[in-house]
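Taking it in order: structure first as structure tokens, then the write-up.
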Amino acid sequence: MSRRSSIFGRLGRRTSSATASIATSNEKDGQGNDDKLAPPPAYTTVDESATANLTAAFDQLSLSNAASDPTVDTCLAHLKLLFAIQSMKEEVGYTDGLWGLWDFLAGPLDHLEHTYKKKTPSDSKKPLGHDVLEDDDKVAKKTLENLSKIREKRWALFLARATQRYEAWWKSLPGGQPLTGKDMEEDTSFGYETFPTDDSATFDWSEDKLPPLDVLMVWHTHMLNPRAFLEDAMLAGLRGFWNRGLPWHLVNAAIDSDFSYNVSDQCQTQWTNQTGLSWDNQSDPLVKVLQCPKCNKGLSIPWTTCSRPEDFYDETEPLDLTGTGFGDGNLKHLCESCGIVICKELLCAFKFVKDVEALLGPANQPMPGTVLEPTTGRPATVPPEPERSIYPRTFPNRLLKSGCNSIRTKVTTLMTSKPNPTMQDIRVEIEAILGNSTWLREINKYLSPRGAAYRVGRASKLSIRKMMAHYWENFSPFALDLAGAVVRQGIFIEKMYKIDWLHSPSATDTMKRLLLKYARFFTIMQKNPTKMAVPTLDIDLAWHTHQLSPSKYYEYSIGKTDKFIDHDDKVEEGKLSEQFEWTSKEYQDTYGEVYSECTCWYCESIRTSHVNSLGQVLGVSKSEKIAESFHASGKAKFCPPDKSAHISSHNAVMLHVDSSKPDLTTQNRVRMQLAALHQKRLDAAYAKAKKRAEKKGRTIPPRDSTYYDHWGYPYYMAGPYMYPIWFAPGLYYGWNPGYIAGCGTGANGACAAGTCGGGVAAGGCGGAGGCGG
């Protein structure tokens with residue numbers, strides 16, 4: 001049955017307009033000039049008659065065919081790519097009937113159709129459906145909520161398929177030999193130590209090698225997790241692919257003024273020949289084919305079990321979009337040959353088994369998580385004996401290769417020796433070894449008297465946690481669950497789309513400003529190596545753009561900080577807000593200017609929190625003078641709450657606590673107490689900000705004025721550092737992208753006992769140098 005375009009929700013989409021001619025510049029703005037920033041550009045509606053043709057403007061961008069540091073033009077090209085991704089997302093989510101998910105499943109649509117017909121194009125700036133919520137119509141409200149979930153489900157399935165397509169493309173890329181244990185032991189090995197810095201390796205990009213936009217989107221997200229992308233590229237031997245990064249000149253040329261992604265027939269044919277997949281995501285089969293981990297029988301698992309007939313609706317049946325298909329939230333598929341149930345937990349354990357088999361094989365491929373130094377994110381050659389036998393980072397490899405606790409046999413036969421094996425079974429075996437002094441002596445070749453207890457050090461425990469973090473809630477061949485990462489990255493993309501710098505006549509000046517702020521941001525990280533710095537949205541655009549040329553970002557980061565600064569993909573929202581407060585004050589104290597050029601209640605409260613009470617009374621508070629200057633100079637009027645660069649919170653996640661686990665209580669109680677303390681300080685700062693503004697004749701937007709549009713459903717949250725990506729839990733392939741596991745021994749996602757509390761397994765970066773963003 002043919003799909004149709006949904007009549008509900010599309011009325012809220014913004015129609016692309018032309019923009020002013022964009023000046024080209026190859027200057028490395030922000031890399032050297034540290035003058036005072038000019039006032040932020042005005043965010044006003046652009047008169048289309050006074051703007052240049054958008055296509056011509058982007059044709060003028062000066063984009064190198066080699067990896068480069070971020071420039072005005074690469075930042076603009078990046079915005080153009082983000083707009084194309086957002087347009088693709090809306091096209092997918094609003095396509096009625098895609099994957100057998102029809103709008104009719106949401107409930108009665110007549111009232112909604114009547115309501116939407118009242119809307120005008122100017123209503124696109126308002127939360128969709130807000131007028132419905134003002135009515136006392138519970139049926140209409142529930143229908144609108146269900147519609148948003150259906151649209152999110154379509155997108156979630158699209159992402160699940162996109163990550164699998166990216167995996168197929170990744171495996172088909174031409175490259176060198178996969179990383180081996182020997183590579184890690186040799187000085188100046190091209191496959192290891194000099195991998196990130198050797199510019200002799202190239203990837204010969206041409207238009208016919210471009211992947212489809214959905215695959216490009218996943219690759220984009222993969223690179224925005226720099227340490228994970230480096231490790232994955234090293235393990236696969238993709239040196240040239242790493243070195244080159246995103247081919248901006250080709251990507252920019254493929255995206256037209258309507259943000260459609262267009263390539264030649266030759267390119268599409270090349271993709272199909274290379275991967276065996278269709279160019280269009282939706283044209284691939286509706287089943288996922290894989291081999292049973294236990295009996296190796298070929299299985300065909302439907303991508304979703306949530307499909308329904310076009311006109312199906314049962315008011316007595318609650319809308320359930322969880323499903324048990326391969327792309328659903330609760331994968332369950334019985335192998336009729338051997339009786340094992342294929343589920344996500346099984347696939348995580350199977351991934352571990354396959355990686356251990358590669359470790360034990362002739363190539364001696366190291367386990368993920370043991371490749372880069374945890375504190376620096378850099379490859380460091382494993383020293384020769386006798387240090388090699390006790391080297392902390394490779395301790396997991398030595399443990400798994402040892403005969404202790406019959407670990408090799410227990411892991412390699414796990415799929416057949418247990419009825420429903422999971423990572424919990426593997427953790428139990430590792431814990432047994434970590435608690436046995438005799439086995440630990442054997443692994444580290446420790447020859448001292450056997451009377452005294454022997455324990456491995458903190459660094460070795462950290463290496464175990466780093467390794468285990470690759471398998472908790474992640475059955476992909478990559479260092480992280482890319483489907484969840486794409487969902488989180490989508491928050492940033494949507495904010496860039498709504499702020500719409502791309503169509504501003506001052507787009508070039510905006511890019512120059514954010515590049516300078518990015519250079520300052522990196523200086524703050526350089527001077528505060530133990531702190532987590534959190535960027536604003538404008539800084540994050542420059543930071544992301546830099547990471548899309550991985551070799552150049554590596555070179556810059558190492559040169560500035562002697563570390564490969566990571567871009568942490570999951571940060572608990574309370575911690576993110578607390579560190580943003582610190583970053584804001586550090587920036588303001590260092591550069592004498594406000595950090596977040598925004599007038600929302602949150603940013604005003606953060607600025608107020610910097611003001612010392614005594615200094616305020618005496619009239620000598622530097623922070624108060626800076627904040628007041630922001631308003632008195634007129635800059636603030638160009639920074640409305642809904643179109644300004646406040647905290648970049650796409651990686652903010654909720655703390656998921658299982659109260660049924662008593663051994664989690666102590667750690668999570670501390671975390672929740674710290675979060676509550678920060679919230680209390682924020683509340684107090686908001687109260688002070690309101691009083692100060694009233695004295696100056698200003699008003700601060702109330703907290704309850706912050707609405708998010710979730711596929712046409714208005715969703716309220718009281719802070720820009722929070723976002724409702726967990727709005728529809730259970731819909732997603734993999735695990736819920738909007739929470740962070742509450743760790744501790746016994747928790748799903750926790751580390752092995754004796755290795756500590758689990759920050760790495762929970763999504764932390766694994767040491768100093770990981771930063772929010």
Side-chain angles (χ1 to χ4, degrees), residues 170-171 175-198 201 227-239 241-242 351-412 414 426 429-430 433-434 439-446 456-457 459-471 477-479 564 752 760 766:
W170 176 272
K171 292 179 178 178
Q177 296 296 320
L179 182 67
T180 67
K182 185 177 179 181
D183 290 331
M184 292 173 59
E185 296 171 356
E186 293 181 349
D187 291 332
T188 65
S189 166
F190 285 120
Y192 183 63
E193 188 175 43
T194 64
F195 182 102
T197 56
D198 176 32
R227 292 190 185 182
F229 185 68
L230 173 58
E231 182 182 76
D232 288 336
M234 293 177 75
L235 286 168
L238 298 176
R239 194 154 51 100
F241 187 67
W242 150 271
K351 171 188 175 182
F352 187 88
V353 171
K354 300 304 291 183
D355 286 344
V356 170
E357 289 176 350
L359 172 70
L360 301 176
N364 184 28
Q365 186 172 58
M367 292 294 289
T370 69
V371 176
L372 303 176
E373 278 295 315
T375 55
T376 66
R378 304 172 65 176
T381 302
V382 177
E385 295 291 2
E387 291 84 3
R388 182 173 298 169
S389 296
I390 58 173
Y391 192 56
R393 196 183 75 237
T394 54
F395 172 71
N397 298 331
R398 296 196 304 277
L399 183 151
L400 293 167
K401 288 192 291 185
S402 74
C404 300
N405 193 27
S406 302
I407 190 68
R408 288 175 298 186
T409 302
K410 288 181 176 179
V411 171
T412 55
L414 183 65
I426 293 168
E429 302 303 334
I430 292 177
I433 296 176
L434 293 174
W439 286 337
L440 293 177
R441 281 192 177 94
E442 181 179 335
I443 293 169
N444 281 354
K445 299 180 181 179
Y446 188 72
V456 294
S460 294
K461 296 175 182 178
L462 173 63
S463 296
I464 289 288
R465 298 200 303 276
K466 289 285 289 183
M467 176 190 71
M468 297 291 281
H470 286 66
Y471 302 94
F478 305 109
F564 187 33
V760 178

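Note that CG of Leu414 is 12.0 Å distant from OG1 of Thr409, once rounded to the nearest 0.5 Å. Asn364 contributes atom CG, which lies 8.5 Å from atom CG of Leu360 (distance to the nearest 0.5 angstrom). Distance check: Phe395 CZ to Ile464 CD1 gives 5.0 Å after rounding to the nearest 0.5 Å. In this structure, CD on Glu186 lies 11.0 Å from OG1 on Thr194, to the nearest 0.5 angstrom. Thr394 OG1 to Met367 CE: the interatomic distance, rounded to the nearest 0.5 Å, is 13.0 Å. Note: Leu399 CG to Asn444 CG = 9.0 Å, rounded to the nearest 0.5 Å.
Residues Asp355 and His470 have side chains not in contact (no heavy-atom distance under 4.5 Å, counting atoms from C-beta outward). Side-chain contact between Leu235 and Pro368 is present, with at least one heavy-atom pair separated by less than 4.5 Å. Using a 4.5 Å heavy-atom threshold, the side chains of Leu230 and Phe195 count as touching.
Under the rule for a ring pair (Phe, Tyr, Trp, His ring centres under 6.0 Å), Tyr192 has no partner lying at least two apart in sequence or in another chain. When the side chain to side chain donor-acceptor pair (under 3.5 Å) test is applied to Ser402, no partner is found at least two apart in sequence or on another chain. Applying the salt bridge (Lys or Arg N to Asp or Glu O under 4.0 Å) test to Arg398 and every residue at least two apart in sequence or in another chain returns nothing. With sequence neighbours left out, Glu429 forms a salt bridge (Lys or Arg N to Asp or Glu O under 4.0 Å) with Lys410. Under the salt bridge (Lys or Arg N to Asp or Glu O under 4.0 Å) criterion, Arg408 pairs with no residue at all, not counting sequence neighbours.
When every heavy atom of Met467 is checked against every heavy atom of Pro396, the shortest pair comes out as SD-CB, 3.6 Å. The minimum heavy-atom distance between Ala228 and Ala479, with the atom names listed, is CB-CB, 3.6 Å.
A perpendicular orientation is assigned to the rings of Phe241 and Trp170, their planes being inclined by more than 60° (bins at 30° and 60°). The aromatic rings of Phe564 and Trp242 stand perpendicular to each other, their planes meeting at an angle above 60°, with 30° marking the opposite boundary.
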Item to complete: Please test Arg388 against Glu385 for salt bridge (Lys or Arg N to Asp or Glu O under 4.0 Å), starting from the C-alpha separation and ending with a verdict.
Response: CA-CA 5 Å; Arg388 182 173 298 169; Glu385 295 291 2; 5.1 Å; no

Worksheet item: Please walk me through it: do Thr370 and Lys466 pass side-chain contact (heavy atoms from CB on, under 4.5 Å)?
Response: CA-CA 7 Å; Thr370 69; Lys466 289 285 289 183; over 6 Å; no

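Side-chain contact check for Glu193 and Thr188: no donor-acceptor pair (N or O, by modelled atom type) lies under 3.5 Å.
A salt bridge (Lys or Arg N to Asp or Glu O under 4.0 Å) check over residues 367-380, counting only residues at least two apart or in different chains, returns the pairs Glu373-Arg393, Arg378-Asp562.
Distance alone, capped at 3.5 Å, places no donor-acceptor pair between the Thr381 side chain and the Glu185 backbone.
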